[in-house]
Participant: 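Just passing along the structure, written as structure tokens.
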2 protein chains.
Amino acid sequence: MVTMSDVAREAGVSMMTVSNVLTGRKRVGEPTRDRVLAAVESLGYEVNLTARHLRAGRTDTVALIVPSFHDYFGEVADRIAPLIEAGGRHLVLERTSADARSEMESLSVPRLQMYDGVFLSVAGLGRDEIDRVPTSAPIVLLGEREMPGRFDHVRLANGEGARLATAHMLERGSRRVLALGGAVGSSAGMESDRRAGWAEAHRAAGLVPDDRLVVPLPDFTSEAAHQALGQVLDDGPAFDGIFAVNDTVAFGALAALAERGVRVPDEVQLAGFDNLDVSRFVPPGITSVDPGYDVVAATAVRLLEQRMAGSDAPREHVTTPVSLVERGSTRADVGPG
Amino acid sequence: MVTMSDVAREAGVSMMTVSNVLTGRKRVGEPTRDRVLAAVESLGYEVNLTARHLRAGRTDTVALIVPSFHDYFGEVADRIAPLIEAGGRHLVLERTSADARSEMESLSVPRLQMYDGVFLSVAGLGRDEIDRVPTSAPIVLLGEREMPGRFDHVRLANGEGARLATAHMLERGSRRVLALGGAVGSSAGMESDRRAGWAEAHRAAGLVPDDRLVVPLPDFTSEAAHQALGQVLDDGPAFDGIFAVNDTVAFGALAALAERGVRVPDEVQLAGFDNLDVSRFVPPGITSVDPGYDVVAATAVRLLEQRMAGSDAPREHVTTPVSLVERGSTRADVGPG
DNA sequence: CCTTCCTGGTTTATCGTTAATCCGGCACGA
DNA sequence: TCGTGCCGGATTAACGATAAACCAGGAAGG
């Protein structure tokens with residue numbers, strides 16, 4: 001590896017002069033600069049960023065650490081990246097998950113400290129892991145869990161989104177809306193928020209939420225939803241609407257319905273959450289709660305940059321608004337039933 | 001920031017002893033170890049990875065640098081991550097793209113050298129950028145471009161996949177299969193490979209490929225496909241099958257067909273490429289070419305680890321096999337027409 | 001009793017870069 | 001003529017960790 005001192009020797013100057021030429025932080029005479037540049041060129045020198053980072057005490061890099069790059073977080077990442085770049089920093093992504101050991105690993109404090117700032121999704125994390133993370137580092141939590149106040153936190157208006165979607169289907173004639181992927185217990189997660197919204201919409205419509213309409217899922221995949229809904233269709237309670245906890249789950253539901261010839265939205269209305277790009281195109285178009293990705297991204301970046309700038313203002317917990325995008329999977333008008 | 005020397009002072013030992021306790025690389029007496037650990041605990045010391053990396057000359061980190069985290073690369077990333085972790089290293093993702101400046105940025109040699117190894121997708125890159133990358137670093141290219149032999153390279157059997165899908169539809173009664181997202185010119189990219197396979201299937205079936213059936217797209221998004229296919233349906237050549245350059249494009253096509261009441265697969269068969277998870281669930285199930293993600297990932301990781309181990313064996317260019325997954329969007333039997 | 005070896009630890013030097021300081025000259029104003 | 005400044009550049013000293021060499025003291029062996 002060719003280092004700065006090689007260049008310095010080749011050009012007959014000191015290392016500092018090479019550094020100054022390359023960073024432009026101090027004035028260097030024309031002829032000297034030329035000799036340095038020539039040496040750089042001929043030796044093929046490239047600065048060693050690790051060394052620079054050590055010296056500088058920062059990495060100019062921000063990490064987004066999420067359980068999966070798909071769907072929701074993929075969309076968020078796409079929005080955050082340009083904002084971070086605009087701030088002169090660099091964004092990298094890491095996954096939690098894989099196995100438990102490597103989850104600890106990527107959340108280890110030393111690793112977090114390699115970054116000037118971190119967006120951390122707490123979706124799949126235990127409370128213990130989070131409690132081990134020191135408050136000192138600039139960290140913004142993304143996610144739906146109720147979290148200790150120690151960190152800035154951006155979350156969606158999950159309850160409101162679920163309420164919007166469910167109310168919409170109730171308005172359009174549904175009477176028994178399944179909550180697909182709802183949590184039956186009272187765990188403090190995204191799914192319980194969404195379930196609360198589902199229940200609230202029922203009550204607002206003068207209906208009593210029926211717990212048998214809450215269908216839990218082992219995970220929020222299409223496959224799990226496909227299986228579970230198949231079961232319900234075969235020998236579960238009757239229903240005429242589905243609020244899926246997210247769009248991926250909605251696709252699984254769509255497949256189960258199609259297999260049994262159940263027409264959407266005529267017999268069953270369907271709404272999801274996340275408003276994925278593909279949801280717009282999958283016939284008949286999946287009605288979905290839009291998380292307002294741009295706002296989520298902008299808010300998260302604002303909080304993080306504030307923290308990276310050294311602010312010790314009180315932590316903020318921001319809930320960003322959501323909206324309902326109506327498509328063909330729910331009825332445009334109140335149906336006959 | 002609390003450093004190792006703080007710990008050493010607190011414990012009344014030398015820095016090396018602290019280091020040895022923490023890394024376990026040398027034996028340390030029981031009472032000394034206890035004092036060190038106590039000091040670590042009380043000061044909240046955490047090792048500085050940047051410094052360790054500088055000293056060690058490696059980062060134990062591998063990067064996957066791709067144009068987007070969606071779809072194909074999202075799937076690949078999911079498969080590569082555990083394999084890299086299993087090798088005791090850490091995987092991070094970066095995006096090329098954003099703007100041109102930051103594209104250069106993330107591909108700059110200094111940045112690449114921060115990683116022990118790099119998977120690089122050349123999808124959106126100019127030849128110039130690639131030529132600037134030195135061969136010395138362990139780099140495995142992922143992608144469909146014809147690339148200089150300087151790098152290890154994993155690519156899909158694109159032509160074969162397109163041929164499989166097209167032949168399948170021709171067998172099942174289609175006579176005029178659209179190539180949606182094919183390149184009309186002879187640019188050396190994935191789309192031209194796929195188009196070649198499309199043409200070959202036609203010839204093998206005794207048909208003359210009709211260039212008017214090749215529909216170029218500005219980009220491979222659902223929206224672009226939706227627009228373009230709408231145009232074709234309104235006043236383009238007649239067709240009874242669609243080979244979409246990827247599944248995302250296929251979704252756009254599906255929407256355009258549905259809007260006009262064209263039945264799939266009865267009137268038009270549809271096949272895509274990538275076999276995304278969702279393609280299995282979107283009614284009627286999208287027939288798709290499966291890229292064999294596991295093989296792609298395993299091959300790429302094998303090549304990179306070889307290179308990281310210092311091998312200077314000749315570069316390998318591996319083409320991994322694909323397979324066709326038949327679903328409801330193509331006909332199970334030859335139809336009446 | 002002296003050499004040899006081991007144990008548990010310290011000292012020294014270095015990874016590659018850069019902030020801060022220092023220094024020799026030359027120009028310029030008083 | 002002598003400060004006073006400035007300019008271009010060199011020296012010094014870190015950033016935080018660790019490999020390698022070194023060393024004190026006791027045990028073992030002859």
Side-chain angles (χ1 to χ4, degrees), chain A residues 1-40 43-61 108-116 136-137, chain B residues 1-40 43-61 108-116 136-137:
Chain A
M1 170 176 286
V2 36
T3 81
M4 201 173 241
S5 100
D6 297 328
V7 175
R9 192 178 324 108
E10 172 84 5
V13 298
S14 73
M15 281 172 55
M16 264 325 285
T17 300
V18 177
S19 177
N20 288 329
V21 167
L22 294 178
T23 64
R25 261 188 273 278
K26 287 186 75 178
R27 299 190 48 72
V28 175
E30 189 73 23
T32 314
R33 141 178 285 113
D34 290 346
R35 286 214 315 286
V36 168
L37 290 177
V40 164
L43 296 179
Y45 168 78
E46 300 281 352
V47 67
N48 178 320
L49 289 182
T50 302
R52 175 178 286 179
H53 291 164
L54 173 59
R55 179 66 239 231
R58 56 199 162 73
T59 58
D60 292 326
T61 301
S108 70
V109 178
R111 187 160 296 284
L112 292 179
Q113 288 181 341
M114 294 213 21
Y115 301 109
D116 290 354
S136 55
Chain B
M1 169 177 285
V2 35
T3 81
M4 200 173 242
S5 97
D6 297 329
V7 176
R9 191 177 327 108
E10 173 84 6
V13 297
S14 72
M15 280 172 59
M16 265 323 286
T17 299
V18 177
S19 177
N20 288 329
V21 167
L22 294 178
T23 64
R25 261 188 275 278
K26 288 184 75 177
R27 298 191 50 73
V28 175
E30 189 72 24
T32 314
R33 139 177 288 112
D34 289 346
R35 285 214 317 285
V36 169
L37 290 177
V40 164
L43 296 179
Y45 169 77
E46 300 282 350
V47 67
N48 179 322
L49 289 183
T50 302
R52 177 179 284 177
H53 291 166
L54 173 60
R55 180 65 238 232
R58 57 200 162 72
T59 58
D60 292 326
T61 302
S108 70
V109 178
R111 187 161 295 284
L112 291 180
Q113 287 181 342
M114 293 214 21
Y115 301 109
D116 290 354
S136 55

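Chain A is the first sequence line, chain B the second, and so forth, proteins listed ahead of strands; every chain is numbered from 1.
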Participant: Just to confirm, is there a sub-4.0 Å distance from OP1 or OP2 of D:dG16 to any side-chain nitrogen or oxygen of B:S5?
Facilitator: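 For D:dG16, OP1/OP2 do not have a side-chain N/O of B:S5 under 4.0 Å.
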Participant: A side-chain contact here means heavy atoms from C-beta on lying under 4.5 Å apart; do A:L22 and A:V47 qualify?
Facilitator: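 A:L22 vs A:V47: side chains apart.
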Participant: Taking the side chain as every heavy atom from C-beta outward, state whether A:V28 and A:V36 have any pair of such atoms under 4.5 Å apart.
Facilitator: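 A side-chain contact is absent here, since even the closest heavy-atom pair is not under 4.5 Å.
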Participant: For A:A11, does its backbone N or O pair with a side-chain atom of A:R35 as donor and acceptor, under 3.5 Å?
Facilitator: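 Between the backbone of A:A11 and the side chain of A:R35 there is a qualifying donor-acceptor contact (under 3.5 Å).
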Participant: What are the atom names and distances for every N/O pair under 3.5 Å that joins the protein to nucleotides 19-21 of chain D?
Facilitator:
residue, atom, partner, partner atom, Å
D:dA19, OP1, B:R25, NE, 3.4
D:dA19, OP2, B:R25, NE, 3.4

Participant: Mind checking what makes salt bridge (Lys or Arg N to Asp or Glu O under 4.0 Å) contact with A:R25, not counting sequence neighbours?
Facilitator: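 Residues passing salt bridge (Lys or Arg N to Asp or Glu O under 4.0 Å) with A:R25: none at all.
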Participant: Pick the nucleotide of DNA chain D nearest each of A:A56 and A:V28; which residue has the one closer to the 5' end?
Facilitator: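 Here A:V28 is the residue nearer the 5' end.
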Participant: Name the residue closer to the 5' end of DNA chain D, choosing between A:R33 and B:M15 according to the nucleotide with the nearest heavy atom.
Facilitator: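 In this pair, the answer is A:R33.
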Participant: Can you find a side chain N or O atom of B:T3 that sits less than 4.0 Å from OP1 or OP2 on D:dC15?
Facilitator: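 No, outside the criterion.
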Participant: Can you measure B:L49 atom CG to D:dG16 atom P for me and round it to whole angstrom units?
Facilitator: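 It is 13 Å, rounded to the nearest whole Å.
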Participant: Of the nucleotides C:dG8, D:dG16, D:dA17, which one has an atom closest to the side chain of B:R27?
Facilitator: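 In terms of side-chain proximity for B:R27, the closest of C:dG8, D:dG16, D:dA17 is C:dG8.
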Participant: Measure from CG on B:N48 to C1' on D:dA14 and round the result to the nearest Å.
Facilitator: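 Roughly 14 Å, once rounded to whole Å.
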Participant: Report the distance from atom CD of B:Q113 to atom P of C:dG16, rounded to the nearest whole Å.
Facilitator: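 The distance from CD of B:Q113 to P of C:dG16 comes to 11 Å, rounded to the nearest Å.
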Participant: Look at the side-chain N and O atoms of A:S14 and state whether any lies under 4.0 Å from the OP1 or OP2 oxygen of D:dA10.
Facilitator: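 A:S14 to D:dA10 OP1/OP2: side-chain N or O found under 4.0 Å.
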Participant: Does any non-hydrogen side-chain atom of B:H53 lie less than 4.5 Å from one of A:H53?
Facilitator: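 A side-chain contact is absent here, since even the closest heavy-atom pair is not under 4.5 Å.
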Participant: Is the closest side-chain heavy-atom distance between A:T59 and B:M114 below 4.5 Å?
Facilitator: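 Not touching, per the 4.5 Å side-chain cut-off.
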Participant: For A:R33, does the CZ atom sit with more than 12 other heavy atoms under 6.0 Å from it, leaving out its own atoms?
Facilitator: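 Yes, CZ of A:R33 has more than 12 neighbouring heavy atoms, counting only those of other groups under 6.0 Å.
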Participant: For A:M4 and B:V13, find the nucleotide of DNA chain C closest to each by heavy atoms; which residue's nucleotide sits nearer the 5' end?
Facilitator: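 Looking at the nearest nucleotide for each, B:V13 comes out on the 5' side.
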Participant: If I take atom CG in residue A:L54 and atom P in nucleotide D:dT18, what distance separates them, rounded to the nearest angstrom?
Facilitator: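 Value for this atom pair: 12 Å.
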Participant: Describe the nucleic acid contact of A:G57 in one word from base, sugar-phosphate, nothing, applying a heavy-atom distance below 4.0 Å.
Facilitator: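 The answer is nothing, as A:G57 stays clear of every strand by at least 4.0 Å.
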Participant: D:dT18 phosphate, OP1 or OP2: any side-chain N/O from B:R52 under 4.0 angstrom?
Facilitator: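 Affirmative; the distance criterion is met.
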Participant: Give each protein N/O atom lying under 3.5 Å from an N/O atom of nucleotides 25-28 of chain D, with the pair distance.
Facilitator:
none

Participant: To the nearest 0.5 Å, tell me how far A:M1 CE sits from A:D6 CG.
Facilitator: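 Here the rounded value is 10.5 Å.
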Participant: Please report, rounded to the nearest Å, how far the C1' atom of D:dC15 is from the CG atom of A:D60.
Facilitator: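 About 15 Å, once rounded to whole Å.
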Participant: Rounded to whole Å, please give me the gap between CZ in B:R9 and P in D:dG16.
Facilitator: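 From B:R9 CZ to D:dG16 P: 12 Å.
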Participant: How close or far is atom P of D:dG8 from atom CZ of A:R35, stated in whole angstroms?
Facilitator: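 Rounded to the whole Å, the gap is 14 Å.
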Participant: For the side chain of B:S19 and the backbone of B:M15, is there at least one donor-acceptor N/O pair under 3.5 Å apart?
Facilitator: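 It does not hold such a pair.
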Participant: Does any non-hydrogen side-chain atom of B:L49 lie less than 4.5 Å from one of B:R52?
Facilitator: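 Yes - at least one pair of side-chain heavy atoms lies under 4.5 Å apart.
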Participant: Take the protein atom NE2 of B:H53 and the nucleotide atom C1' of C:dT17, then report the distance between them rounded to whole Å.
Facilitator: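 So the NE2-C1' distance, B:H53 to C:dT17, works out to 17 Å.
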